[in-house]
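FYI, side chains are in, hydrogens and waters are out, and symmetry mates aren't considered; it's all heavy atoms of this structure.
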Amino acid sequence: MTDKPEKFIDENGIRSDGRRANEIRDVKIEVGVLSRADGSCYLEFGKNKVMAAVYGPREVHPRHQQKSNRAIVRYKYNMASFSVEDRKRPGPDRRSIEVSKVSREALENQIFTEYFPKSAIDIFVEVLQADAGTRTAALNAASVALADAGIPMRSLVSACAVGKVDDTLVLDLNKNEDNYGQADVPIAMTPDGKITLLQMDGHLTPEEFKQGLEMAQEGCRQVYELQRKALIDYYSKKTEIVTEATTAEDVKKDAPEEPEDVTPVDVTEDTEETEKIDDTNETGVTKETDDTKEPGDTKATGDTEETEDTVKAGDVEELEDSGEEVPETVKNADETYGQMDESEEETSNE
């Protein structure tokens, strides 16, 4: 513990850390920092560093703690052993139990617990570095973590403290002001002015208490705006990422299908065969197969050549008169054409 300073506020109304009496410390809020929690928040309030995680609604264990008509809210506040200058004994103590109780009550009536009967909503807050006002910083972080978890709430809860040093009311006490000040009043409230937590340590006159309450309310409003902005910024970025991914999928679906790769066909052989056919046609000789030949057809060469299948009946008589031997194929052809002539005559007579 540091020594008590001679003065907390100088002649110009400036406090030891450079703030004026009605100014709060710098606040930094990060949402969704823990992937395995349903909702989470990391908060820096001055030199305080706090991590909050929310799990649920989920099944209650042990079962005898279940409520048939609503969910139960469990809040655990803990200060890490290394969070203070002198090492703190690990585990719960009387102070952490007391802070857990009043913090749970400050948040519970803002949660729609009736929506989740027989279930539990667990809130865990770990103070990583302490510098006065840890219970108010923890409440601010827990409220944002609840919103991140999607727990239905009537409103966010914002907290701030007011105190008295050198007979002057100051907002958001730092470590020396908390240790050596004349009074400390932590307050938690909703944006519409409903107070959910109010404690006082020290002595204040009724007029000082009324003035201090107004200062604390103004400080809570400033904290609320920072909480709201952090949530909006976080979910705006998530929405943009989801929108971009959806747009990319739609564009991919709407895009015309790319043609499949066509394997090139080697046409070299066909070209060579075509060239051979063209060369053959240039000679003027028409090649016909045995199936396409008709009687009387001849090749398109200069000399007329007749095949054995195309010999007519008159040729057989010429061969017999000349004394030459008539081939069997010619005789067969003669008989065939004789039969064809008879069939044609019968058809004409009919």
Side-chain angles (χ1 to χ4, degrees), residues 15 17 19 22-34 37 39-54 75-85 88 92-93 95-107 110 123-149 156-163 170-179 181 184-191 195-201 215-231 234:
R15 297 153 70 176
D17 55 6
R19 292 181 292 151
N22 59 349
E23 292 180 355
I24 64 174
R25 289 172 287 183
D26 294 336
V27 181
K28 175 185 176 182
I29 302 176
E30 294 182 14
V31 185
V33 293
L34 300 177
S40 59
C41 174
Y42 171 75
L43 181 140
E44 293 183 5
F45 206 136
K47 294 182 180 180
N48 289 312
K49 297 182 180 181
V50 179
M51 183 75 73
V54 173
Y75 188 104
K76 184 178 180 180
Y77 166 95
N78 183 62
M79 293 182 67
S81 301
F82 52 81
S83 62
V84 291
E85 294 178 357
K88 176 186 174 297
D93 53 18
R95 179 181 176 277
S96 63
I97 294 173
E98 179 261 329
V99 172
S100 299
K101 177 183 180 298
V102 298
S103 299
R104 176 184 61 80
E105 294 172 350
L107 293 171
Q110 295 303 308
I123 306 169
F124 299 92
V125 178
E126 190 77 13
V127 179
L128 306 176
Q129 182 173 296
D131 186 50
T134 55
R135 76 183 65 196
T136 55
L139 269 173
N140 292 328
S143 179
V144 174
L146 283 168
D148 182 38
L156 290 173
V157 175
S158 308
C160 191
V162 66
V170 294
L171 186 63
D172 187 20
L173 285 71
N174 59 33
K175 183 177 180 181
N176 288 334
E177 293 170 345
D178 185 34
N179 291 335
D184 178 23
V185 185
I187 296 175
M189 60 178 292
T190 61
I195 296 175
T196 61
L197 169 66
L198 175 60
Q199 294 179 289
M200 186 172 72
D201 180 19
M215 292 176 63
Q217 288 176 335
E218 180 59 30
C220 290
R221 291 190 185 94
Q222 295 180 34
V223 173
Y224 168 74
E225 292 299 328
L226 295 172
Q227 291 174 310
R228 183 172 177 272
K229 183 177 183 300
L231 288 167
Y234 175 71

Checklist line | Lys/Arg N to Asp/Glu carboxylate O, K101 vs E98, below 4.0 Å | finding: no
Next item on the list: Determine the minimum heavy-atom distance between V31 and A230, stating which atoms define it.
Entry: CG2-O, 3.9 Å
Next item on the list: Among L226, I29, V144, find the residue that satisfies the side chain to side chain contact (heavy atoms under 4.5 Å, CB included) test when tested with L231.
Entry: V144
Checklist line | Closest approach of C41 to A141 (non-hydrogen atoms, all atoms of both residues) | finding: CB-O, 3.5 Å
Check: How many angstroms lie between CD in Q129 and CD in E44, if you round to the nearest 0.5 Å?
Finding: 8.0 Å
Next item on the list: Rounded to the nearest 0.5 Å, what's the gap from CD on Q227 to SG on C220? Could you check?
Entry: 9.0 Å
Margin query: Run the side chain to side chain contact (heavy atoms under 4.5 Å, CB included) test on E105 and L197 for me, step by step, so that the C-alpha distance in whole Å, both residues' side-chain angles and the decisive distance to 0.1 Å come before the verdict.
Written below: CA-CA 8 Å; E105 294 172 350; L197 169 66; over 6 Å; no
Check: Are the side chain of S81 and the backbone N or O of K88 linked by a donor-acceptor pair below 3.5 Å?
Finding: yes
Note to self: Could you walk me through whether R95 and T134 satisfy the side chain to side chain contact (heavy atoms under 4.5 Å, CB included) test, starting with their C-alpha distance in whole Å, then the side-chain angles of each, then the deciding distance to 0.1 Å, before giving a yes or no?
What the structure shows: CA-CA 12 Å; R95 179 181 176 277; T134 55; 3.3 Å; yes
Note to self: For S40 versus V33, what's the shortest heavy-atom pair and its separation?
What the structure shows: OG-N, 2.9 Å
Check: Can you name the nearest heavy-atom pair linking Y224 to L156, along with the distance?
Finding: CE1-CD1, 3.9 Å
Show which side-chain atoms of residues 47-54 pair as donor or acceptor with protein atoms under 3.5 Å away, not counting sequence neighbours.
residue	atom	partner	partner atom	Å
N48	OD1	D131	N	2.5
N48	ND2	F45	O	3.3
N48	ND2	A132	O	2.5

Next item on the list: State the CZ-NZ distance between R104 and K76, to the nearest 0.5 angstrom.
Entry: 15.5 Å
Checklist line | Closest non-hydrogen atom pair between A216 and I187, with its separation | finding: CB-CD1, 3.4 Å
Note to self: Counting only heavy atoms from other residues, nucleotides and ligands, does the tally under 6.0 Å from CG of D17 exceed 12?
What the structure shows: yes
Margin query: Would L107 and L146 count as a side chain to side chain contact (heavy atoms under 4.5 Å, CB included) here? Give the steps.
Written below: CA-CA 9 Å; L107 293 171; L146 283 168; 4.2 Å; yes
Next item on the list: Give a yes or no on this: more than 12 heavy atoms of other residues, nucleotides or ligands lie within 6.0 Å of atom CZ of R228.
Entry: no
Next item on the list: Measure from the side-chain N and O atoms of N140 to the backbone N and O of A159, and report whether any donor-acceptor pair falls under 3.5 Å.
Entry: yes
Next item on the list: Answer yes if the side chains of T196 and Q110 hold a donor-acceptor pair under 3.5 Å, and no otherwise.
Entry: no
Check: Between S100 and Y77, is there a donor-acceptor pair closer than 3.5 Å when you use the side chain of the first and the backbone of the second?
Finding: yes
Note to self: Side chains of S96 and D93 only: does a donor on one sit below 3.5 Å from an acceptor on the other?
What the structure shows: yes
Item checked: Point-to-point distance, once rounded to the nearest 0.5 Å, from CE of M189 to CG of L198 -> 11.5 Å
Notebook entry, point to check: In Å, rounded to the nearest 0.5 Å, how long is the span from CG of D172 to CD of E177?
Noted result: 8.5 Å
Checklist line | Criterion side chain to side chain contact (heavy atoms under 4.5 Å, CB included) on E218 and N22, from CA distance to verdict | finding: CA-CA 9 Å; E218 180 59 30; N22 59 349; over 6 Å; no
Item checked: Flag side-chain contact, heavy atom, 4.5 Å: V27 against Q222 -> no
Next item on the list: To the nearest 0.5 angstrom, please state how far the CG atom of L43 sits from the NZ atom of K28.
Entry: 10.5 Å
Next item on the list: Of all the heavy-atom pairs spanning R15 and E23, show the shortest one and how long it is.
Entry: NH1-O, 3.5 Å
